[in-house]
Each structure stands twice: as structure tokens, then as C-alpha cells.
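Written out below as C-alpha cells is the structure these notes cover.
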Amino acid sequence: GENVEQHPSTLSVQEGDSAVIKCTYSDSASNYFPWYKQELGKGPQLIIDIRSNVGEKKDQRIAVTLNKTAKHFSLHITETQPEDSAVYFCAASIGSSASKIIFGSGTRLSIRP
Amino acid sequence: GAGVSQSPRYKVAKRGQDVALRCDPISGHVSLFWYQQALGQGPEFLTYFQNEAQLDKSGLPSDRFFAERPEGSVSTLKIQRTQQEDSAVYLCASSFPVRGETYEQYFGPGTRLTVT
């Protein structure tokens, strides 16, 4: 079946450095790729998303890139801050349907002061 | 405005008991989703409603799981005869799709279910 693989599972970076999280997906029909941040005891919060008709999207310190040929996409966080510490999930739509997204297994990001 | 709310936030049930988890989506959001999140894992899709119609329930793990959204707003996820493997966080999300396009899903805080 369809799946999304996410790496690394844990990531520790020095404050101010950049963090990169990578995901691959299996369904070539997927056309929507959101990224979520989840803090302890809270639900996932959408931080950025990208659709299949663009290759890159930026929002302040966060950027996402998409390579449809290779079926992988990445999250880049620059100038990391302590409040960036959380679990990050990538996700991909199943086919072109609006009804279902499948999540990766998550990356626990820790920012060292 | 108000986000997605879920109640209760925590639920402890003895094995074999029935539980009901409630989700109040963002006002006006047509689509509503339920997910199950095991400890240390990503959310897994359970079921999806568009208004009151349950369009996809392929993720429900067994016939002990039942979801409804009778008036197209509030939704309830019911688990009958709970088992220990049902222990997880149950997340609800809502969104407002337009012309079939996938739109952002907004998640509630979840209900943590512990079956003892």
C-alpha cells in the first residue's frame, strides 16, 4: 500500500544552525504535501504545505522542496530557535483525492542552546 | 476564531467498556477526519466525513469502531468493548475543501484513551 518514509527519526542541532528533514512517498498520484509540527500534549499544527505544481515554497525561516520525479520532499528550517523543538511530521495525499493524507513516522527535533 | 475542540481530553476505560469521543470542528468546515496516533508514531487515518456523509471508513481497525456526524457538524467516535490495543491518542481534524481540492486540515488537541 501507499506509505511515506521520514528521516531522520531524531535530530539535534545547535541553535542558529539549519535543520533538514527528508521524506519519500510511494503514490505517484500524490499531489499535496503538508508538514506538521506537534508539541507535547497538542495536536499537529500545519506549518507549511506544497502542491505538486511547484518545486519549492518558502515562509520566513521554513522552506519545503519537492522532487516529483524522485518522489521525495524535504523541510528546511534555517536559523533554528529553541521554540522549534518539537516533533515534525511530513504527509502526502493518497492519489489526487481530497479525502485522505498519510503521515510519516515523525522527526523529533531538539535545538541545543 | 475557535479551533477544533475535542472532549474529553483524557479517558481511562476498563477493558470491555464502551467509550464515546467527541469532536467539534471549526464552524463551517465541511470535511471532518478522525485519526489514531499511537505513542511515538504519526497519525493514522481512520475515517472521513463530508457534511453528514461518511465517505471513507477504510481505516477503522475493526467493527468495534463506529463514527457518526448526524447533522454535519459535531462528530462522535465510538469504540465498543475496548481492548488494550485501542490505547492511543484520537485526533480529529476539519477542513474546507473547494471543488474537490485538498485543503489544510486543522487538528484538535486529541483525546488520550488509556484502556486498563
Side-chain angles (χ1 to χ4, degrees), chain A residues 1-10 21 23-25 27 29-54 57 59 64 66 75 86-109, chain B residues 2-10 21 23-26 29-51 53-60 88-112:
Chain A
E2 300 89 355
N3 73 302
V4 174
E5 293 190 359
Q6 182 171 349
H7 301 281
S9 57
T10 60
I21 301 171
C23 290
T24 59
Y25 61 97
D27 187 351
S30 296
N31 65 354
Y32 175 64
F33 307 90
W35 286 87
Y36 286 85
K37 175 183 181 182
Q38 188 172 29
E39 297 175 317
L40 197 61
K42 297 184 178 180
Q45 177 190 7
L46 181 72
I47 56 172
I48 194 167
D49 57 13
I50 191 168
R51 298 176 195 273
S52 59
N53 56 348
V54 298
K57 183 176 178 180
D59 183 3
V64 58
L66 171 65
L75 177 72
V87 179
Y88 290 81
F89 293 98
C90 62
S93 63
I94 301 301
S96 57
S97 166
S99 67
K100 187 186 293 188
I101 58 174
I102 186 168
F103 284 79
S105 55
T107 296
R108 181 172 298 279
L109 175 63
Chain B
V4 178
S5 60
Q6 293 185 244
S7 60
R9 290 294 315 278
Y10 304 92
L21 312 180
C23 172
D24 285 80
I26 294 172
H29 276 196
V30 169
S31 298
L32 185 145
F33 306 81
W34 283 99
Y35 293 85
Q36 180 188 61
Q37 186 174 27
L39 191 63
Q41 299 296 316
E44 290 194 2
F45 172 86
L46 293 177
T47 187
Y48 157 63
F49 290 86
Q50 186 163 317
N51 296 304
Q54 189 175 19
L55 299 187
D56 188 336
K57 55 181 181 179
S58 61
L60 296 177
V89 174
Y90 291 86
L91 294 164
C92 176
S94 69
S95 72
F96 189 76
V98 176
R99 293 186 296 278
E101 284 202 14
T102 303
Y103 268 57
E104 296 86 351
Q105 294 188 24
Y106 296 89
F107 281 82
T111 294
R112 180 177 295 278

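This is a predicted model, so every value here is computed, not measured. The sequence lines fix the lettering, A, B, ..., with proteins before strands; numbering per chain opens at 1.
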Do you know the tightest heavy-atom contact between B:G42 and A:F89? CA-CE2, 3.2 Å
Taking all heavy atoms of A:Y32 and all of B:E104, pick out the closest pair and write down the distance. OH-CA, 3.7 Å
Between A:Y36 and B:Q105, which heavy-atom pair has the shortest distance, and what is it? OH-O, 3.1 Å
Under 4.5 Å from any heavy atom of chain B - which part of A:P44: both
Between B:E44 and chain A, which part of the residue has a heavy atom less than 4.5 Å away: side chain, backbone, both or neither? neither
Could you look at A:Q6 and say if it's the side chain, the backbone, both or neither that has a heavy atom under 4.5 Å from chain B? neither
Using non-hydrogen atoms only, which part of B:R9 is less than 4.5 Å away from chain A: side chain, backbone, both, or neither? side chain
Which answer fits A:L46, side chain, backbone, both or neither, if we ask what part of it has an atom under 4.5 Å from a heavy atom of chain B? side chain
Distance (rounded to the nearest 0.5 Å) between A:K100 NZ and B:F33 CZ: 11.0 Å
Taking all atoms of both residues into account, what is the closest heavy-atom pair of A:I101 and B:F45, and its distance? O-CB, 4.5 Å
